[in-house]
Chemist: 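Questions regarding the structure given below will be posed in turn.
In the text below, chain A, chain B and the rest are named by the order of the sequence lines, each starting its count at 1.
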2 protein chains.
Amino acid sequence: MAEKVTSLQVAQLAGVSQSAVSRVFTPGASVSKKTEEKVRKAATELGYRPNVLARAMVSGKSRIIGLVVAYLDNYFYPEALEKLSNELQEQGYHVLIFMASRTAGNIDDVMEEILDYQVDGVILASVPMSSDIATRCQQAGVPVVLFNRSQDIDGITSVTSDNYSGGRKVAEFFIAAGHGRIAYIAGWQGASTQRDREAGFRAALGDAGQDLYAYEIGEFLTENARLAARRMFDVAPEDRPDAVFVANDHMALAVMDVIRFELGMRIPEDVSIVGYDDVPQAGWLAYNLTTIRQRANLMVAETVDALLDHIENPAVAAARKVAIDGPLIVRTSARLPKGWTPQRMKT
Amino acid sequence: MAEKVTSLQVAQLAGVSQSAVSRVFTPGASVSKKTEEKVRKAATELGYRPNVLARAMVSGKSRIIGLVVAYLDNYFYPEALEKLSNELQEQGYHVLIFMASRTAGNIDDVMEEILDYQVDGVILASVPMSSDIATRCQQAGVPVVLFNRSQDIDGITSVTSDNYSGGRKVAEFFIAAGHGRIAYIAGWQGASTQRDREAGFRAALGDAGQDLYAYEIGEFLTENARLAARRMFDVAPEDRPDAVFVANDHMALAVMDVIRFELGMRIPEDVSIVGYDDVPQAGWLAYNLTTIRQRANLMVAETVDALLDHIENPAVAAARKVAIDGPLIVRTSARLPKGWTPQRMKT
DNA sequence: ATGAAAGCGCTAACAA
DNA sequence: TTGTTAGCGCTTTCAT
């Protein structure tokens, strides 16, 4: 079991000062070719690598990003997490992960723990903003960006899809297809994503002179989505909605199960279903769910870009509110307006 | 933006020495009630929290666990990741995550980076062991445990499900149901999970006097699984397999899509499909996949337990090879043997 | 029980 | 370009 090897040991072996070793491992420091050579040789011989923690202490930069994630069971998040982690790794940062889920206690405690690690920045992915954690970070001087959540408070950077516009698109699509009993199954009311999707949806419905035909709340939880669907369809067959916008795919897939396998209805012949996110499962042929795509790649890129901007230019960097437009991916879970054809399916 | 507050500042405000402050925040140190009170008061007033990194430097314990994960698109992993992270958080550790995916370069580089953070331990989740990373950690004196992978090398702790026994169960189930043309779609050959599942499956088939009727390789990738399925069924209808064991659910679900929607065959009337893992999607009614359950909770508990054991008793702790038996979850994607009934489905 | 002092492994002035 | 020196914020002897 090799013992921990320090820069001092390398220095001694190489016959130089300890700071010379430090310089060799500091990009852009001034070292002569000769010294560099000697040091590198000694370093590899001993298997030396700089201690990131020690470096962090003195430099004040840990190159650690705290990532707080609420749910991993909505399949949008594993995808996003993977991309975030990869992108940050490429930039020389690493991700310290914090689950803000059920088991973990108070989110505020989690935040304190994060800050204890002297993270250079924090990404909050779909974290309920009940108590304003983000503000707490700002106070500590740690840059934050909200991923897939927005906040009315100014001065906080957030990256989302354009949920309002997405909601509108779904309503317009339903109306173009001639639907007349259009319903909505909502996500968790505390989420800006939920509120914006609903607002856009209702607005476009209103523009067409329609009103919401039925409304239930699923809270972004599959089980509650099932219950919501059962309540919504527990009426005489002719009084059932003929089109339902479900606030995310995660719920929409569960709703499709209820409709097809419990109620024995056909999709889209009896009822059209549209979701939101375009998670991989939405493209699975047994569901083939029409949905609004959240462009995860773009969202991640914007998130990382904004965060690094704040880290590197603490004074200058202005808060951004990014909302990325996403296309309606037309599959077969919703009736097509005249003249539309399903887009090529991801195989 | 509150500046960083140090133990020294707290000490001054409280009128005690800096070490007194340290003691207050060190569980089990000897401090008088009075001092503790004064210190805590000053600390909350200033919003002081100990700097974990500084503590790590002097104590040599970072309370960081490096977690290397390969795929997050196999839904077994997000689940496991969430549980691992939660459990470790409860034990006062935090997870530094490393994606060993396609984009990230060499895994060995990733390992070096991990060790640079002076992690107290490492969990390798489904990481290809091509170059023996685990050994590399051992050398550095960092405890490792392999999650959902095993290694023949002694002295390395691993936690898996009992893949061999799982493979056997599937074969026995097919045979009990009277299948006579039994096929297998394999995962990535470098994975011990794949090899063990196949070995158990073949062995039980052999015990019943049968041989594998068809064999293709899907490498644990959905796209390759689809190709494998197409190749496997590209024969005269009467020559097609009547039962297929697919090495994990992730692939099995894709295979079901090919069989039902491309080939127009019925499941389980024309062909039985069984998977492995019991990911959440396997229970979705549009698939309702019969599968071997990996007991994620148990696997995680064992993993954390073993890792902490190694961390806390570096000398004593013996390497463990844990293989957790998992039940066959009988749903409707495979023909039932006489007298069997489907188990209650997770709703 | 408490304070003083040493030092974890490193970077960053400052001299030379 | 290089070495010397002073810390980063904390824990931990060692005295008292």
Chemist: Can you name the side chain to side chain donor-acceptor pair (under 3.5 Å) partners of B/Ser161, sequence neighbours left out?
Modeler: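 Result, side chain to side chain donor-acceptor pair (under 3.5 Å) vs B/Ser161: B/Asn163, B/Tyr276, B/Gln294.
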Chemist: I need the residues from residues 5-20 of chain B with at least one non-hydrogen atom less than 4.0 Å from DNA chain D; give them sorted by number, or say none.
Modeler: B/Thr6, B/Ser7, B/Gln18, B/Ser19
Chemist: Side chains of B/Arg149 and B/Thr193: donor-acceptor distance under 3.5 Å anywhere?
Modeler: yes
Chemist: Can a side-chain donor-acceptor contact be found between B/His94 and B/Gln89 if the only test is distance below 3.5 angstrom?
Modeler: no
Chemist: Has the side chain of A/Asn74 got a donor or acceptor atom that lies under 3.5 Å from a matching backbone atom of A/Phe76?
Modeler: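 Pair found, side chain donor or acceptor close to backbone of A/Phe76.
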Chemist: Under the side-chain contact (heavy atoms from CB on, under 4.5 Å) rule, collect the residues that match up with B/Gln12, sequence neighbours excluded.
Modeler: B/Leu8
Chemist: Could you list the residues that satisfy side-chain contact (heavy atoms from CB on, under 4.5 Å) with B/Gln194, not counting sequence neighbours?
Modeler: B/Tyr184, B/Ala186, B/Gln189, B/Ala191, B/Glu198, B/Tyr215, B/Phe220, B/Ala247
Chemist: Whether the B/Gln18 and B/Ser7 side chains hold a donor-acceptor pair (N or O, under 3.5 Å, no angle test) is what I'd like checked.
Modeler: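 Yes - a donor-acceptor pair under 3.5 Å links their side chains.
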Chemist: Not counting sequence neighbours, which residues clear side-chain contact (heavy atoms from CB on, under 4.5 Å) with B/Arg295? List them please.
Modeler: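 Applying side-chain contact (heavy atoms from CB on, under 4.5 Å) to B/Arg295 gives B/Arg293, B/Leu298, B/Ile324, B/Pro327.
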Chemist: Which is it for A/Leu46 and A/Leu13 under the side-chain contact (heavy atoms from CB on, under 4.5 Å) test, yes or no, and what are the steps along the way?
Modeler: CA-CA 9 Å; A/Leu46 297 177; A/Leu13 180 60; 3.8 Å; yes
Chemist: Are the side chain of B/Lys321 and the backbone of B/Ile156 linked by a donor-acceptor contact shorter than 3.5 Å?
Modeler: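 Checked: pair present.
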Chemist: Through what angle, rounded to 10 degrees, does the axis of the helix from C/dA1-D/dT16 to C/dA16-D/dT1 turn between its ends, using five pairs per end?
Modeler: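 Its terminal axes enclose an angle near 40°.
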Chemist: Specify the residues of residues 52-62 of chain B, ordered by number, for which at least one heavy atom lies under 4.0 angstrom from an atom of DNA chain D.
Modeler: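 Those residues whose heavy atoms fall under 4.0 Å from DNA chain D, taken from residues 52-62 of chain B in numerical order, are B/Ala54, B/Arg55, B/Val58.
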Chemist: Indicate the atoms forming the closest heavy-atom contact of A/Lys83 with A/Ala296, along with that distance.
Modeler: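 Nearest heavy atoms, A/Lys83 then A/Ala296: NZ-CB, 4.1 Å.
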Chemist: In whole angstrom, what separates A/Lys4's NZ from C/dG9's P?
Modeler: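 Result: 9 Å.
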Chemist: Can you run down the side-chain hydrogen bond (donor to acceptor under 3.5 Å, both in side chains) pairs that involve residues 44-59 of chain B, sequence neighbours left out, and say none if there aren't any?
Modeler: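 Counting only pairs at least two positions apart or across chains, the side-chain hydrogen bond (donor to acceptor under 3.5 Å, both in side chains) contacts touching residues 44-59 of chain B are A/Asp116-B/Arg49.
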Chemist: Name every residue in residues 23-41 of chain B that has at least one heavy atom under 4.0 Å from any atom of DNA chain D, in order of residue number, or write none if there are no such residues.
Modeler: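 The stretch gives B/Arg23 as the residues lying under 4.0 Å from the strand, ordered by number.
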Chemist: Could I get the full list of side-chain contact (heavy atoms from CB on, under 4.5 Å) partners for B/Glu36, not counting sequence neighbours?
Modeler: B/Val24, B/Arg40
Chemist: Please tabulate, for side-chain N and O atoms in residues 26-34 of chain A, each donor-acceptor pair with protein atoms closer than 3.5 Å (sequence neighbours left out).
Modeler:
unit_1	atom_1	unit_2	atom_2	d
A/Thr26	OG1	A/Ser22	O	2.7
A/Ser32	OG	A/Thr35	N	3.2
A/Ser32	OG	A/Thr35	OG1	2.5

Chemist: Main chain of A/Ser62, side chain of A/Asp120: is a donor-acceptor contact present, judged purely on distance under 3.5 Å?
Modeler: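 Side chain of A/Asp120 to backbone of A/Ser62: a pair is present.
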Chemist: First and last nucleotide of DNA chain D in contact with chain A, 5' to 3', at under 4.0 Å to a heavy atom: what are they?
Modeler: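 Taking any atom under 4.0 Å from a heavy atom of chain A, the span is D/dT1 to D/dG9.
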